[in-house]
Each structure stands twice: as C-alpha cells, then as structure tokens.
Asker: 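To start, I am sharing the structure in question, which I have written as structure tokens.
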Amino acid sequence: MKEWMGKIRTLSLFSFLVIILSACGKDNLTALVPKGYGAEESFNVILISILVMIFVFIVVMAIYVYVIFKFRQRKGQENHIPKQTEGNKTLEVVWTVIPILLLIIIAVPTIASTYDLADESEKEDSINVNVQGMQFWWNFEYANEEIQTSQELYIPVNEKVYLNMLSSDVIHSFWLPSISGKMDVNPDNENTMYIEAYEEGVYWGKCTEFCGDSHSLMDFKVVVVSQEEYDQWVEGMQNTDPEYTAESSTAQEGQEMFANSCISCHAIDASSSNPVVGPNLADFGNRTMVAGIKNYSKEAIVNWIMDPAEMKPGNGMLGAPYLQDNSIQEEDAEKIADFLMELKATDEPVDSVEQFKEEEAENNN
Ligand code: CUA
C-alpha cells in the first residue's frame, strides 16, 4: 500500500513540474504559440500527429484493459486451457489497414506543408536577405536595398521575406520558433527559406547547431514592424553616414577612440559594400539588446567592451589589440558607449522595439 502511495506522489510531483516548467517559456520564443506562417504550419502538423497518437493510445489501452479482465484466470479454472486459434484474416487486414490510414492522415498535411514552405515562386518580387552566420553572431544583408545590419533583422508584417543562408565558419542553424522552422546554415552550400510574421513585435531567434564556446549565446532578434515603419527604417539605413560626427562631447571623444581601434572591424554605416568582419553597428542606438543577450543599457555596452570574454566566451573580438595590451580604461569604454548609443537610422522610436525593451526590463526585475 505504502509503495503505491509513493508512486502516486512521484507522478503528481512530475505533473506539477511539467505544468510549472511549461510556463517558463517566453511568448516570443515558443513554437507552441505560432505568430508566423512556418511556425503555424509546423504547429498544425504537430497537433495532427499528437491527436493521432492519442487516438491510438486510447484504443490500444481500451482493448488491453478489456482483454485483461475478460480473459483473466478465474478461481477453480487454474488448469483450464482456452480455445486455441491460429490466424484470422479479417483481423489481420484490419490491423494493417488502420495504421496505413493513420499514416496517410499524418502524411498528407506534412507533405503539403513541406512543399508550401519550399515554394520560391514569389522570391523575385519579395525582400531577399542574405543571412551570414558567424561565431557567434548574425549578419543580415538586404540584397536589393543594398544595406546590411547585424543581430536584428527588420521585416514588415504579413510579407514574405526570403532568406539565403551561408556560414562563414562552422555549421550554425537558424531558428525562429515563433515565426518559422529551423534551417541549417552551412559554410559551403546555400540554404534558403522564407519567413512571414503575422504580428508586429520582436521575436527571439536562436542558433541550434553546436558551433563553439558561445553557441547557446548566439541569439538574434527579428523585429516585425508595419510596412510604413519598415520603409522608414530602410531609408534611414540607406542614409547612415560613415562620416557621422558625434553630438555630445564625450561621444566625440568616444568616436575618436572608435576611429582609432574599432573601425577596422565594425562599420557605423549600413552600406552593404562594407566588408563583414565584426558586427555592423549602424543603428546601434536602436538595438533591442547588447550582444544579443543583455538588456540594452550603457552599462551592458561598457561591460561588453571591457570584457567581451565574460559575456561570450571564445568570440572574435577577443583578438582585438586593445584587449591584448590592456590599453582601455572604463571611462574610455563609457565614451565609446555614448558614441554608439547616438547611432540611429531613424529618430522615431520603433514601437515593437520600445515595447520589447519595457517587457524585458520588467522581466529582469
Ligand atoms: Cu552558431 Cu550554434
């Protein structure tokens, strides 16, 4: 009896944990609340498969329980040998045909979705972004707009956006759970997919292929905005100025330092002709996060500049000369942060970004 109670207790604890843990997810980082076409298609296929499995489970369990009771050994019949049967054509046909039907029910929507999601008939007339995965960040180059950015992909709501994906080092994998499925990002062959988001907002993206020390920190965001905001953003990005002059005096000092050591890897204008070495920092003043993982603040930027190894072990910035000879003081980093926070493609705040920052700030308190 006691053993039985123990089992019940373990089971209820387990169910409790499942409920608690499933509430830990973020709304913008879950495949279970789809906010885009690919995610919705995947979710529907998941749902159909689960329903079919539940149906099979219930039928099998019902037969199982029925047989256990109906054919159990009864008192006084210990030596009874039941009637022996061999082969039953009808039954065999039934239990062969039912699984085939169930598999067809799963296969039809799965295959239809697979073809839908690979459809490229609208590619030429849509936004095309060349996605480049790197240890441990993402570069996004808008092929026709001739701009590029890093870490934050802006797309208009309800529009198909085609992604052409390549890695410049090891294999990464692009996953945007709320909007679309996953796609491997390989060094040698280009993979393509399209994404389409149904609601404005900022959605969390992850790298899902182990790619080095900071694989789990290789996050990015997709910023879904109205068509109007998107057009403004593109125009702003096209007009980012490589000769920009900082406004405040500390930012001006920061800019001078930036020009002496950072500019060889980080461009401050979004022109797609800039070589992709380190993340492009155009529009950095409107970023949702720092390094893709820390809440946006001057403090986080300073911490990043002073000790990038602490935030993202093994990242490409660790070879920078200023870190090798320890030539940077915290006040220098603060001035550089002042400069970076001034870099904005649009002065108008982007609704999705503002809302995201508020929510993140709240969550961290
Ligand atoms: Cu890139 Cu994991």
Side-chain angles (χ1 to χ4, degrees), residues 24-26 28-32 36 38-39 42 117 128-143 148-155 161-195 197 202-224 265-267 272 274-281 284 287-296 300 303-305 307-320 323 356 360:
C24 286
K26 288 172 187 286
N28 56 0
L29 178 62
T30 171
L32 302 180
S42 314
L117 291 170
N128 271 259
V129 180
N130 300 322
V131 176
Q132 202 173 334
M134 260 160 286
Q135 287 167 320
F136 301 95
W137 60 282
W138 301 85
N139 194 70
F140 303 113
E141 183 201 351
Y142 293 69
Q148 61 179 327
T149 186
S150 60
Q151 293 295 75
E152 303 196 353
L153 175 68
Y154 276 66
I155 63 169
V161 175
Y162 285 81
L163 309 178
N164 312 308
M165 305 199 272
L166 267 179
S167 162
S168 52
D169 37 51
V170 298
I171 302 175
H172 304 277
S173 181
F174 181 99
W175 191 33
L176 197 51
S178 306
I179 310 284
S180 73
K182 282 179 198 174
M183 184 62 82
D184 266 6
V185 181
N186 300 318
D188 38 20
N189 63 306
E190 189 176 87
N191 277 342
T192 56
M193 73 188 285
Y194 68 83
I195 56 177
V202 174
Y203 298 91
W204 216 289
K206 286 270 178 190
C207 176
T208 54
E209 179 81 46
F210 181 71
C211 58
D213 293 354
S214 289
H215 150 70
S216 65
L217 304 170
M218 195 171 155
D219 293 6
F220 60 98
K221 307 288 174 306
V222 170
V223 181
V224 182
C265 297
H266 298 282
S272 60
N274 290 319
V276 182
V277 188
N280 186 303
L281 300 179
F284 192 84
R287 283 286 166 86
T288 61
M289 292 196 119
V290 174
I293 46 173
K294 294 279 177 193
N295 281 8
Y296 191 87
N303 289 344
W304 168 257
I305 297 172
D307 192 2
E310 208 262 323
M311 253 191 242
K312 269 190 182 176
N315 81 76
M317 198 148 111
L318 304 185
L323 289 168
F356 174 83
E360 284 301 311

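Quick caveat: nothing in here was measured; it's all calculated off a predicted structure. Note that ligands are numbered from 1 as they come in the structure, with each ligand's atoms numbered from 1 the same way. If you read the sequence from its start, that first residue is 1, and numbering goes on from there.
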Asker: Report, rounded to 10°, the angle at atom 1 (Cu) of ligand 1 between the two atoms ND1 (His172) and SG (Cys207).
Answerer: 120°
Asker: Report yes or no: is the cationic atom of Lys182 (NZ for Lys, CZ for Arg) under 6.0 Å from the centre of the six-membered ring of Trp175, at an angle within 45° of the ring normal?
Answerer: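 Relative to the ring axis of Trp175, which defines the angle, Lys182 lies inside both limits.
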Asker: Just wondering, more than 12 heavy atoms not from Lys206 lying within 6.0 Å of its NZ?
Answerer: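 Yes, because the 6.0 Å sphere around NZ of Lys206 holds more than 12 heavy atoms from other groups.
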Asker: Which atom name does Glu209 have for its N/O/S atom nearest to atom 2 (Cu) of ligand 1?
Answerer: O
Asker: Does any N, O or S atom in Met218 come within less than 2.8 Å of atom 1 (Cu) of ligand 1?
Answerer: yes
Asker: Looking only at N, O or S atoms in His215, which is nearest to atom 2 (Cu) of ligand 1?
Answerer: ND1
Asker: Do Asn303 and Glu310 pair up side chain to side chain, a donor and an acceptor below 3.5 Å, judged on atom types alone?
Answerer: no
Asker: Which atoms form the tightest heavy-atom contact between Gly38 and Ser42, and what is the distance?
Answerer: O-OG, 2.7 Å
